[in-house]
Protein chains: 2
Amino acid sequence: MFHKVLVSDDLGSINQGVLTVLDSMSIKKVQQVQYCDDAYLRIKKAILDDAPYDLLITDLSFVADYREQQFASGEELVIALKKEHPELKIIVYSVEDRLQRVRSLMGTHNTNAYVCKGRRGLIELGKAIKAVSNDEIYVSPQVEQALSEKTNLEIDDFDIELVKLLSNGLSQDEISAHLKSNNITPSSLSSIEKRLNKLRIQFKANNAIHLIAIVKDLGLI
Amino acid sequence: MFHKVLVSDDLGSINQGVLTVLDSMSIKKVQQVQYCDDAYLRIKKAILDDAPYDLLITDLSFVADYREQQFASGEELVIALKKEHPELKIIVYSVEDRLQRVRSLMGTHNTNAYVCKGRRGLIELGKAIKAVSNDEIYVSPQVEQALSEKTNLEIDDFDIELVKLLSNGLSQDEISAHLKSNNITPSSLSSIEKRLNKLRIQFKANNAIHLIAIVKDLGLI
DNA sequence: TTTTGGTTTACGGTTTACCGTAAGGATATC
DNA sequence: GATATCCTTACGGTAAACCGTAAACCAAAA
């Protein structure tokens, strides 16, 4: 079981529940922070002091305030930490239940567990901690399909960029010009049309307006 | 100060924080529920028993599960309760910070306070409870403008319906047909164009796609 | 009743989106 | 080196959105 745990979550009230869970598992050394940057610095310092944390439990969304932050979201924090210290176990504990996010964190960035805050969130968090301490991964039932499903969401960054530009009010012509001026390829009007057509089919959208409404609802942009 | 309080929030962990606040204010009779329907029934029963609650603190978003619910959201619960029992004080405590929602709840439905969950959420909740117990209203600073601003949102239900239909993928032609078949007037293609043009100007949108993206971000649909 | 202001509807013209087809180019496979 | 495959680009036709103008309609004010 873990000995030294860091909890990162900007809502003080939720932290209380997490601390209770950790306490019930007899984990004594628990610290908490409310900013991603603080989490990063603490973990770095602990490594230098030769007393590293063996588990980080972090939220994803942190409300921005007056403090300038290097890491704007828990996602960025997780990605950076897993890159620099792959041995550090990380459990994400978030209200966010969008599959795309789970897929990215668990699949690409090797997060060890993903727990959805919710009615049974704390129970699941307990399970996650046990699983991760046994070198297993854990994801909440409601987002489990994110991993099993081989949903070929072959939507790449270019597609996302495209719909973002669209939702910002640019015409397909303007998007083409924008891509050309930024030396991004493909940039022809025809290619843009093709991509959008593919996306419309993929999301079963009747037209571009419908497409934007759908991807906004899905939280892709 | 209040004597009998009901807390409604589907995230058990957050409730703990709320209970702490209430406890620190020496409010002893505190019950909590995790479903809107339970909140409604409890309040009704308490009135019948001649021991009514004098404050309800409720979240807005409740994740749906296997239980069939009459009230799908805290918003519906608040509207129903305020209609049937205007004397019951209600504090909304939600992560939702869209002005339109605050405006609706506070302006139209006479909610007594609106507190945003966040880093200072519990502090503000304390202030809100004090204010409401003095027959004042309270809203979190970050959404205060929702009330002060006399934003001439001369957007009527027809406009909202229009953008909803648009975002559902209907063409202007189809919208016209839909309105005609439902005997809603105006229904001509020309009128639809005019309305949408007005909305585009109002929201500074370049085109229909942009408009939908904007109103979705504003939470109007 | 007439006037006036507003809304709804109709219509024509321009721009943009949508869709299929096909040519050009790069890379991989045999 | 020839062939296949995938992606990018080009083009043309149709549909839809966009935009201005004007007529028709309605209701309140004169």
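Chain letters run A, B, ... following the sequence lines, proteins first and then strands; every chain starts at 1. Hydrogens, waters and symmetry mates play no part in the numbers below; they use all other heavy atoms, side chains included.
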Inset, instruction - In whole angstrom, give the distance that lies between atom CD of A:Q172 and atom P of D:dC18. - result: 13 Å
Legend entry - Sugar-phosphate only, base, or nothing, as touched by A:S171 at under 4.0 Å among non-hydrogen atoms: sugar-phosphate
Inset, instruction - Measure the CZ-CG distance between A:R42 and A:D37 for me, rounded to the nearest 0.5 Å. - result: 13.5 Å
Inset, instruction - Round to the nearest Å and state the distance from B:E193 atom CD to C:dG12 atom P. - result: 14 Å
Legend entry - B:L189 vs A:I209, nearer the 5' end of DNA chain C by closest nucleotide: B:L189
Inset, instruction - Can you figure out which of C:dT8, C:dC18, D:dT8 approaches the side chain of A:A208 most closely? - result: C:dC18
Inset, instruction - Would you mind reading off the distance between B:D173 atom CG and C:dC11 atom P, rounded to a whole angstrom? - result: 14 Å
Legend entry - Ion pair check, A:K164 and A:D159, cut-off under 4.0 Å: no
Legend entry - Pair of N/O donor and acceptor under 3.5 Å linking D:dT21 base with B:K194 side chain: yes
Inset, instruction - To the nearest Å, give me how far apart CZ (B:R195) and C1' (D:dA17) are. - result: 19 Å
Inset, instruction - Would you mind telling me which of C:dC18, C:dT9, D:dC19 lies closest to the side-chain atoms of B:S187? - result: C:dT9
Legend entry - Atom pair distance, as rounded to whole Å: CG in B:N206 and P in C:dT15: 17 Å
Inset, instruction - First locate atom NZ of B:K194, then atom OG of B:S191, and finally report the distance between them rounded to the nearest 0.5 Å. - result: 7.5 Å
Inset, instruction - Using distance alone, with no hydrogens and no angle criterion, decide if B:S176 and B:K180 have a side-chain donor and acceptor under 3.5 Å apart. - result: yes
Inset, instruction - Quickly work out the A:I192 CD1 to C:dA17 P distance and round it to whole Å. - result: 10 Å
Legend entry - Atom pair distance, as rounded to whole Å: CG in A:N197 and P in C:dG20: 7 Å
Inset, instruction - Confirm from the modelled atom types if A:S190 and D:dA10 form a donor-acceptor pair under 3.5 Å, side chain to base only. - result: yes
Inset, instruction - Return the value, rounded to whole Å, for the distance between atom CG of B:L196 and atom C1' of C:dT7. - result: 16 Å
Inset, instruction - State, yes or no, whether a side-chain contact exists between A:Y40 and A:F71 at a heavy-atom distance under 4.5 Å. - result: yes
